[in-house]
Amino acid sequence: MADPVSSNLLRRAFAISVLMSAAAATAQVPAPAAPTAAATAQGVLRSGSAHSVDDTVARIKSAVEAKGIRYFAAIDQKALGDGANLSIRKSTLVLFGNPPLGVQFIQSNPYAGLDWPVRMLVRETEDGSTEIAWTDFAFVGRRYGITDKDVQLKMASEVAATIAAEAGQ
């Protein structure tokens, strides 16, 4: 007999993926530019935003909540630096996730909890523009040797890229 908790989590993950697919099919969002890899950070993807750091963070929160994904927190790294008398450009770390999906990575390898929930870094670049960066889930899979969750890693990659694209437009 299947574990009722696991069965319930799988049903929820499936329902969320169906809802996200339906929402994506009905949304009239232009196709986003493909995320590019960060030059100096392994496994990091990034895309530009047409908005300020604060507005992009708010747009990520809205996109996450609209998809029924859990929004955990936003950490203002510039404020932390200011509090330590260390100056940095605007930088906010956003944490969100879908427990029925993300916890499966932790089931495969408990150390995957270091990269879950999902983190998106919204930062001001040297030229004053705004950039969104996040860890590529294919990299996460390789990093933790997760070989039994290809579908889930692909889904997480697609959702993260969609959220970044929606927030940046």
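Side chains included, hydrogens not; waters and symmetry mates left out as well; all remaining heavy atoms used. We number each residue from 1, following the sequence as shown.
- If you chain together hydrophobic residues whose side chains sit under 4.5 Å apart, L93 and I88 never meet in one group.
- Side chains of D148 and S108: a donor-acceptor N/O pair is present below 3.5 angstrom, by distance only.
- Considering only heavy atoms from C-beta on, T130 stays 4.5 Å or farther from H51 through its side chain.
- Listed here is the closest heavy atom pair of D55 and S52: N-OG, 3.0 Å.
- Counting heavy atoms from C-beta outward, I106 and Y111 have side chains that stay 4.5 Å or more apart.
- Under the 3.5 Å distance criterion, with hydrogens and angles disregarded, a donor-acceptor pair is assigned to the side chains of T56 and S49.
- Of the possible polar contacts, none joining the R46 side chain to the V44 backbone as a donor-acceptor pair under 3.5 Å is found.
- Note on ring orientation: taking the six-membered ring where Trp is involved, the planes of W116 and F72 are perpendicular (angle over 60°, cut-offs 30° and 60°).
- For the pair Y144/V140, a side-chain contact is recorded, criterion being any heavy-atom separation below 4.5 Å from C-beta on.
- Counting heavy atoms from C-beta on, the side chains of K67 and I163 come closer than 4.5 Å.
- In terms of modelled atom types and a separation under 3.5 Å, the side chain of R123 and the main chain of S91 share no donor-acceptor contact.
- Here the shortest heavy-atom pairing between Y71 and V57 reads OH-CG1, 4.4 Å.
- Atom CZ of F105 sits about 8.5 Å away from atom NZ of K149, to the nearest 0.5 Å.
- Contact check for S47 versus W134: side-chain heavy atoms found under the 4.5 Å cut-off.
- Remark: T135 OG1 to L45 CG distance equals 8.0 Å, nearest 0.5 Å.
- The CG atom of D150 lies 12.5 Å from the CE atom of M155; values are rounded to the nearest 0.5 Å.
- Scanning both residues, A160 and F137, for their nearest heavy atoms gives CB-CE1, 4.1 Å.
- Sequence neighbours left out, the pairs with a member in residues 79-98 that pass salt bridge (charged side-chain N to carboxylate O under 4.0 Å, His left out) are D54-K90, K78-D82.
- Contact check for D115 versus R143: side-chain heavy atoms found under the 4.5 Å cut-off.
- Heavy-atom minimum distance, I69 versus N98: CG2-N, 4.0 Å.
- With hydrophobic clusters built from ILVMFWY side chains whose heavy atoms lie under 4.5 angstrom apart, F139 does not share a cluster with M120.
- By the 4.5 Å heavy-atom criterion applied to side chains, I75 and T92 are not counted as neighbours.
- A heavy-atom distance below 4.5 Å is not found between the side chains of F96 and R70.
- A distance of 10.0 Å separates OG1 of T147 from CG of L153, quoted to the nearest 0.5 Å.
- Residues L114 and L101 are members of one and the same hydrophobic cluster, defined by side-chain heavy-atom contacts under 4.5 angstrom among Ile, Leu, Val, Met, Phe, Trp and Tyr.
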